**Student:** 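Following this message is one structure expressed as structure tokens.
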Amino acid sequence: FLNYLKVVGDFLYLVKIKILKMKTRILFFALFLFQSITLLAQDMASLKTEAIKSYKAGVSLNFDAIFETTYPKVFDIISKDQMKAMFAQMMENEQFSIKLVEVEPNFSFGEIKKIEGKTFCLIDHNNVMTMKFNEPMEDAESMTDIFKSSMNAEKVTYDKATNTFRIEMRSTLIAVADELTKKQWKFLNKDKDNKLFSMIFDEKIVKALDL
């Protein structure tokens with residue numbers, strides 16, 4: 001009987017040890033999950049802050065802020081001086097002038113993905129601009145169709161009195177954080193055919209982001 005009690009006692013002791021180990025594993029898992037969720041929340045919080053900075057920099061054409069929020073490898077393709085000159089020519093020339101209108105961006109954040117040691121997120125947002133033509137517009141309807149097809153504009157209105165189009169669309173920012181950015185979020189504007197992104201990142205990343 002004493003031997004029986006000893007066997008039962010040993011068995012219960014082993015059960016306690018196994019339960020303790022199981023509880024420890026559950027605790028470690030819970031802590032890991034909490035830390036992962038916390039890190040993700042921190043990433044998303046900083047992403048939202050930096051996305052607003054990038055949006056406001058673009059709308060205000062604050063070049064210092066634009067350069068600060070742009071993914072650095074963009075400047076391997078086009079220099080900062082070239083970018084300034086390009087913007088100046090695009091915003092006002094002999095044919096038309098463009099103004100960017102600040103609106104509520106209504107950001108829509110995609111999944112944060114880690115690929116090849118880099119972190120990415122696609123961010124859709126509202127984008128509004130006006131384009132005023134210097135010469136009277138004879139066929140505003142055709143121009144409206146062009147804006148919708150070439151810029152994926154959701155809404156285009158024409159003010160005949162001022163010869164100005166208002167173009168409303170959803171645009172996409174591509175957020176990147178990696179060693180080059182010191183793990184800080186930087187951005188690229190997604191173009192229609194993803195040419196700029198494909199010049200900087202390899203095909204595996206392009207496919208993983210479904211671009």
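Keep in mind the model is a prediction, meaning the values are calculated, not measured.
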**Student:** Rounded to the nearest 0.5 Å, how far apart are CG of Asn189 and CG of Leu196?
**Tutor:** 8.5 Å

**Student:** Is the NZ atom of Lys53 crowded by more than 12 outside heavy atoms at less than 6.0 Å?
**Tutor:** no

**Student:** List the atom of Thr181, the atom of Pro72, and the distance in Å for their closest heavy-atom pair.
**Tutor:** CG2-CD, 3.9 Å

**Student:** Just how far is it from atom CG of Leu47 to atom OG of Ser54, taken to the nearest 0.5 Å?
**Tutor:** 10.5 Å

**Student:** Taking Ala177's backbone N and O only, do any of them form a donor-acceptor pair with Lys182's side chain (distance below 3.5 Å, no angle check)?
**Tutor:** no

**Student:** How many angstroms lie between CZ in Phe63 and CE in Met83, if you round to the nearest 0.5 Å?
**Tutor:** 9.0 Å

**Student:** Quick one: does any side-chain atom of Thr144 pair with a main-chain N or O of Ala140 as donor and acceptor, under 3.5 Å?
**Tutor:** yes

**Student:** Measuring only between side-chain heavy atoms, which start at C-beta, is Met129 closer than 4.5 Å to Arg166?
**Tutor:** no

**Student:** Which one of Thr69, Val176, Thr119 satisfies the side chain to side chain contact (heavy atoms under 4.5 Å, CB included) criterion with Trp185?
**Tutor:** Thr119

**Student:** Which atom pair, heavy atoms only, marks the closest approach of Ala51 to Phe107?
**Tutor:** O-CZ, 3.7 Å

**Student:** How about Arg170 and Asn127: does a side-chain donor come under 3.5 Å of a side-chain acceptor?
**Tutor:** no

**Student:** May I ask you to decide if Gly117's main-chain N or O and Asp178's side chain share a donor-acceptor pair within less than 3.5 Å?
**Tutor:** no

**Student:** Is it the case that more than 12 heavy atoms not belonging to Lys113 sit under 6.0 Å from its NZ atom?
**Tutor:** yes

**Student:** Has Glu116 got more than 12 heavy atoms of other residues, nucleotides or ligands less than 6.0 Å from its CD?
**Tutor:** yes

**Student:** Please work out which of the three classes, parallel, tilted or perpendicular, describes the rings of Phe165 and Phe133, given edges at 30° and 60°.
**Tutor:** perpendicular

**Student:** For Ser198 and Val206, which heavy atoms make the closest approach, and how far apart are they?
**Tutor:** OG-CG2, 4.0 Å

**Student:** Nearest heavy-atom pair of Met90 and Ile98: which atoms, and what distance?
**Tutor:** O-CD1, 3.7 Å

**Student:** Counting neighbours of CG on Asp139 that are heavy atoms of other residues, nucleotides or ligands and sit closer than 6.0 Å, is the number greater than 12?
**Tutor:** yes

**Student:** Taking the six-membered ring for Trp and the full ring for Phe, Tyr or His, determine whether the centres of Tyr71 and Phe201 are under 6.0 Å apart.
**Tutor:** yes

**Student:** Is the count of non-hydrogen atoms from other residues, nucleotides or ligands lying under 6.0 Å from Glu203 atom CD greater than 12?
**Tutor:** yes

**Student:** Backbone N or O of Phe67 within a donor-acceptor pair of the Lys80 side chain at under 3.5 Å?
**Tutor:** no

**Student:** Hey, could you give me the CE/CE distance between Met86 and Met91, rounded to the nearest 0.5 Å?
**Tutor:** 10.5 Å

**Student:** What are the two closest heavy atoms between Gly110 and Met44, and how far apart are they?
**Tutor:** O-CE, 4.4 Å

**Student:** I'd like to know if Lys148 pairs up with Glu154 as an ion pair, taking the criterion as any Lys NZ or Arg NE/NH1/NH2 lying under 4.0 Å from an Asp or Glu carboxylate oxygen.
**Tutor:** no

**Student:** Looking at Phe197, does the NZ or CZ of Lys190 lie under 6.0 angstrom from its six-membered ring centre and within 45 degrees of the ring axis?
**Tutor:** no

**Student:** What is the minimum heavy-atom distance between Glu104 and Asn126, and which atoms define it?
**Tutor:** O-ND2, 3.1 Å

**Student:** Taking atom CE of Met137 and atom OG1 of Thr162, what is their separation to the nearest 0.5 Å?
**Tutor:** 11.5 Å

**Student:** Is the number of heavy atoms from other residues, nucleotides or ligands under 6.0 Å of Glu141 CD greater than 12?
**Tutor:** no

**Student:** Just how far is it from atom NZ of Lys118 to atom CG of Leu180, taken to the nearest 0.5 Å?
**Tutor:** 7.0 Å

